[in-house]
There are 2 protein chains.
Amino acid sequence: MSNLTINADRLLRRIDELGSIGRDAQGRLVRVAASDMDRLGRDRLVGWLHEAGLEVAVDRIGNIFGIWQDDANAGQLPVMLGSHIDTVIDAGIYDGCYGVLSALEAIESLKEAGFAPARPLAVAAFTNEEGVRYSPDMMGSLVFAGGIGVDEALAAVGTDGSVLGKELERIGYAGRHQPGFLKPQSYVELHVEQGPVLEREGIAIGAVENLQGISWQRITIEGQANHAGTTPMSMRRDAGVAAARVIGFLADRAGASPTPTVATVGTIAFEPNAINVIPSRATFTVDLRDPDETHLREEEAALAALLDDLAAGAGVTVQAESLARFEPVTLDAGIVSLIEEIAGAAGLSCRRITSGAGHDAQMIARIAPSAMIFVPSRGGISHNPAEFTAAGELVAGANILLGVAARLAAD
Amino acid sequence: MSNLTINADRLLRRIDELGSIGRDAQGRLVRVAASDMDRLGRDRLVGWLHEAGLEVAVDRIGNIFGIWQDDANAGQLPVMLGSHIDTVIDAGIYDGCYGVLSALEAIESLKEAGFAPARPLAVAAFTNEEGVRYSPDMMGSLVFAGGIGVDEALAAVGTDGSVLGKELERIGYAGRHQPGFLKPQSYVELHVEQGPVLEREGIAIGAVENLQGISWQRITIEGQANHAGTTPMSMRRDAGVAAARVIGFLADRAGASPTPTVATVGTIAFEPNAINVIPSRATFTVDLRDPDETHLREEEAALAALLDDLAAGAGVTVQAESLARFEPVTLDAGIVSLIEEIAGAAGLSCRRITSGAGHDAQMIARIAPSAMIFVPSRGGISHNPAEFTAAGELVAGANILLGVAARLAAD
C-alpha cells in the first residue's frame with residue numbers, strides 16, 4: 001500500500017465545508033455539543049459516511065460511527081480512527097474535524113483502491129469533546145470507554161440549563177447502540193497540534209506518546225454585598241477581589257513553575273454584578289494541566305491552600321468543586337513506533353511529542369492500544385478563528401494516518 | 001411648629017408597602033430605573049401624592065413631583081424635599097424610598113396641621129439615581145439641574161440594550177414638563193447613612209456637609225484567545241489575568257491609602273468565557289471615590305499608569321472609558337446649621353458628616369442651596385436586603401426633616 005494516497009482535494013473541500021456549517025449571526029463557528037449548530041454538522045458528516053458506503057451507527061451518548069466491514073472480516077475487532085466535530089465558541093475549523101474527516105478520507109481511499117483489510121475499519125466522531133456546554137469534556141469517548149455511566153452523562157446540565165439527553169433527542173442523535181458496542185482492536189487519532197512545538201522546530205509529524213493530566217474546578221467565593229461608596233476598605237468582604245487574588249496567584253505560580261504546568265481561568269461571574277455594589281459572590285473556573293501526575297497534584301494542593309488562606313483572612317467563604325479530573329496518559333508504544341516508521345518511509349520529519357490538550361484518544365486508550373498523530377499549528381493558535389494548518393501539512397498527516405491504518409488493519 | 005410631628009404609623013406603613021413592590025421570582029427587590037418593577041413603585045407613589053392632595057407633575061426625564069401651593073404662595077420659589085425610589089438589584093427598602101416618603105409625610109403633616117407656608121413645598125422623586133441600568137447615576141437630578149441635556153440622557157442605552165427614553169414612554173413616565181421647570185428656593189434630602197459612622201458613634205442625626213467625588217470607568221482589556229492546555233504561560237496574552245492584576249492593585253492601593261478613598265470593581269465579563277480557552281477580552285467597571293478632588297485625581301492617575309504598564313508589559317491592549325465623573329460637593333452651610341439647630345431643639349444627638357455615597361442633593365446643589373439629613377444604618381450595610389434602620393430612628397429623622405422644611409418654608 002506504500003504508494004497509496006488519500007484524495008487531497010476531497011479532504012480539503014470537506015474540511016472547508018464542515019467549517020462553514022454552524023456559524024452564528026456574527027459569523028463565529030459555534031457548533032457546541034448537542035446544539036442546533038452541532039446537528040447541522042452531524043447531518044453533513046452522516047451524509048458523507050453514507051456516500052462512502054459505510055454502515056452508520058449512533059450510540060446512546062450520540063457518538064457517530066461509520067463502519068467498513070465485509071463478510072470476510074466481520075468477525076474481527078475493528079481498527080478505529082476518529083476524533084470529534086463539536087467546537088468551542090468562536091472556534092477554528094481544524095480542531096477535531098480534521099481528524100474525523102481524515103479518518104473518513106483514509107478509509108474511503110483504501111476502499112476505493114480495492115484494499116482488502118483483515119479487520120473492519122471504523123470512523124468515530126465522539127460527542128462533546130470540548131466540554132464547553134456540558135462537563136466533563138471528552139465525554140463521548142469517556143462514556144464509550146466505560147469511564148462514566150451513560151445515564152449519568154445524559155443527565156449532565158449545560159451552562160444554559162439544558163439537559164444533554166434531552167438535547168440529543170431533540171437534535172435526533174440519541175442513538176440506540178450501547179456505548180462500547182464496537183470494541184476497537186486499536187485506535188488512532190489525527191489532530192492539529194494546537195501548540196507551537198512542531199512549527200517552531202520545522203517538523204511535519206508529531207508521534208504523540210503521552211497526554212497531560214487535566215484538573216477542572218469551579219470555585220465559588222461568597223463575601224458580602226455592600227455600598228461601593230460608603231463601605232471603608234477595611235470593612236469589606238469583597239468576593240471579586242478574592243477571586244482576583246486567586247487568578248493572579250495561579251498565573252504567577254504556573255509562570256514560575258519549572259514543569260510545563262499551565263493554569264487558566266477562562267470563565268468568571270460576579271453577583272450582583274452592579275457597578276456600585278461590592279460583589280457578594282464570584283464564581284470562576286480553573287483549568288490546571290501537567291504531564292506529570294505528581295506535579296499536577298502539587299498544583300491542586302497549592303490552589304487549595306490559597307483558598308483556605310483566603311477563607312481565613314479575607315472574611316469570605318470558599319467552595320471548590322471538581323468538574324473533571326484526568327490523570328496523564330501514556331499511549332501505545334507499538335503504534336507510536338509505527339507512526340514514526342510510516343512517516344520515515346514517506347520521507348517526513350517526525351518527533352515524539354506530549355499533547356498539551358485533552359483528546360478522545362486518552363479515553364479510548366483505556367480499552368484499546370491507542371496513539372495520536374499531530375501536524376503543525378501556525379503560532380500554536382487554537383480555540384480561535386485564527387487556528388491554521390497549511391493544506392500540504394494537512395494532506396501529509398492524513399496520508400500518514402492512511403498508512404498506519406492500512407498496517408493495523410492488515411494483520 | 002415645634003410640637004408638630006409626622007404621622008409615624010403612616011410613614012412606616014408606606015415604607016414597608018413600597019418595599020414590597022417590585023420583587024422578582026426569588027423575592028429580590030429589583031426596581032431598577034424605568035423597568036416594569038419601577039413603574040409599579042411609581043404608580044403607588046403617585047397614588048399617595050394624590051391622596052395627600054398634592055399637584056402631581058412629571059418631567060421629560062421621568063422625575064415625579066408632588067406640589068403643595070396655594071393662591072397666597074403660588075408666586076414664591078418652593079422648598080423641595082426629595083430623593084429617589086429606583087433601586088439596585090436585590091436592594092434594601094430604605095435607600096431613597098425613605099427620603100421620598102418622609103418628604104411626602106412631612107408635607108402632608110404640615111398640610112393637615114393647617115400650617116400656612118410662605119412658599120410652596122414640593123416632594124421630588126428623581127429618575128435613575130442608582131445608575132444600575134443606565135449611566136450616569138443620579139441622572140434625573142443631574143438633568144433637572146442642567147448638568148446634561150435631557151435628549152442626551154433619554155438616549156442612554158441600558159445594560160440590557162434598552163433605551164431610557166423608550167422605556168420611560170413604555171411605562172408611562174415620559175412627562176411633558178421640561179426638567180428644571182420647578183426651580184427650588186432650597187432642597188433638603190433625608191437618607192439612611194449607608195455607612196457605619198452614626199451607628200458606631202451612637203448619634204441619631206447626621207448633618208451632611210459634603211459628598212465624596214465619584215469616578216466611574218469601564219475598562220476593556222484585549223488579549224488573545226488560545227488553547228488552555230497547549231499554550232505555554234510565557235506565550236499567553238491573557239486578558240483575564242490582566243484584569244485580575246488591576247482589581248488587586250486597586251484593592252491594595254485604596255486599602256493602604258491614608259485618605260478615605262474607596263475603589264470597587266463591581267462588574268466583570270470575560271470573552272469567550274469558556275473553561276478551556278484563555279480569555280481574549282475582559283471588561284470590568286471601576287468605581288473610585290474620595291471627598292478630596294486632588295486625591296481622587298491621584299487615584300485616577302495611578303489607575304491610568306497601571307493600565308499603561310499592562311499594555312506595555314502584558315501584551316494586551318487596554319481601553320478606559322469614563323462612565324461618570326462628579327467632583328466632591330460642599331452643601332449649604334446655612335441649612336446644615338439649621339439641621340443641627342432643629343435636632344438640638346428636639347433633644348437628638350447630631351454631628352456633621354461626609355456622605356460616601358452619591359445623592360441627588362449633590363446635583364440639585366448646583367441650582368439651589370441644598371443639604372442632607374442622615375439617620376443610622378445598622379452595620380453600615382446598604383445595597384443589600386440586610387439594609388436596616390430602626391423605626392424610632394426613621395421617625396426621628398422624618399421629624400427633623402419636617403422641622404427644617406417648616407422653617408425654610410416660613411420665610
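Letters go in sequence order (proteins before strands), and every chain restarts at 1.
- The residue among B/Asp238, B/Thr264, B/Val246 with the most heavy atom pairs within less than 4.5 Å of chain A is B/Thr264.
- Within 6.0 Å of the CZ atom in B/Arg378, the count of heavy atoms belonging to other residues, nucleotides or ligands does not exceed 12.
- The nearest pair of heavy atoms linking B/Gly248 to A/Ala244 is N-CB, 4.3 Å.
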**OP:** Begin from the C-alpha positions of B/Ile381 and A/His227 and carry the test side-chain contact (heavy atoms from CB on, under 4.5 Å) through to its verdict.
**Re:** CA-CA 7 Å; B/Ile381 295 173; A/His227 192 290; over 6 Å; no

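- When all heavy atoms of A/Pro196 and B/Met235 are compared, the pair lying nearest together is CG-SD, 3.7 Å.
- In terms of heavy-atom pairs under 4.5 angstrom with chain B, the leader among A/Arg28, A/Arg133, A/Glu387, A/Arg236 is A/Arg236.
- Of the atoms belonging to B/Ser382, heavy atoms from both backbone and side chain fall under 4.5 Å from chain A.
- Side-chain atoms of A/Pro232 and B/Pro260, non-hydrogen and from C-beta on, never get closer than 4.5 Å to each other.
- B/Asn384 contributes no side-chain N or O that, together with a main-chain N or O of A/Asn226, makes up a donor-acceptor pair within less than 3.5 Å.
- Residue contact with chain A, scored on non-hydrogen atoms closer than 4.5 Å, is absent for B/Ser377.
- Most heavy-atom pairs under 4.5 Å with chain B, from the set A/Gly379, A/Pro385, A/Gly229: that is A/Gly229.
- For B/Val88, the part lying under 4.5 angstrom from a heavy atom of chain A is the side chain only.
- Of the listed residues (A/Thr354, A/Asp287, A/Leu323, A/Leu288), the greatest number of heavy-atom pairs within a distance under 4.5 Å of chain B belongs to A/Asp287.
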Just list the side-chain donor-acceptor pairs under 3.5 Å for residues 266-280 of chain B, sequence neighbours left out, or say none.
unit_1   : atom_1 : unit_2   : atom_2 : d
B/Thr267 : OG1    : B/Thr285 : OG1    : 2.9
B/Asn273 : OD1    : A/Ile268 : N      : 3.2
B/Asn276 : ND2    : A/Glu130 : O      : 3.3
B/Ser280 : OG     : B/Glu271 : O      : 3.1

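- The two residues B/Thr230 and A/Ala357 come nearest to each other via the heavy atoms CG2-N, 3.4 Å.
- Contacts between B/Ile214 and chain A at a heavy-atom distance below 4.5 Å are absent for every atom of the residue.
- With a 4.5 angstrom heavy-atom cutoff, A/Gln194 touches chain B via backbone and side-chain atoms both.
- Pairs of residues two or more places apart, or lying in two chains, that qualify as side chain to side chain donor-acceptor pair (under 3.5 Å) and include a residue from residues 239-258 of chain A are A/Arg245-B/Asp252, A/Asp252-B/Arg245, A/Arg253-A/Glu299, A/Ser257-A/Thr259.
- Note on A/Ser234, A/Gly240, A/Ala263, A/Ser355: by heavy-atom pairs under 4.5 Å with chain B, the leading option is A/Ala263.
- At least one side-chain heavy atom of A/Met233 sits less than 4.5 Å from a side-chain heavy atom of B/Val262.
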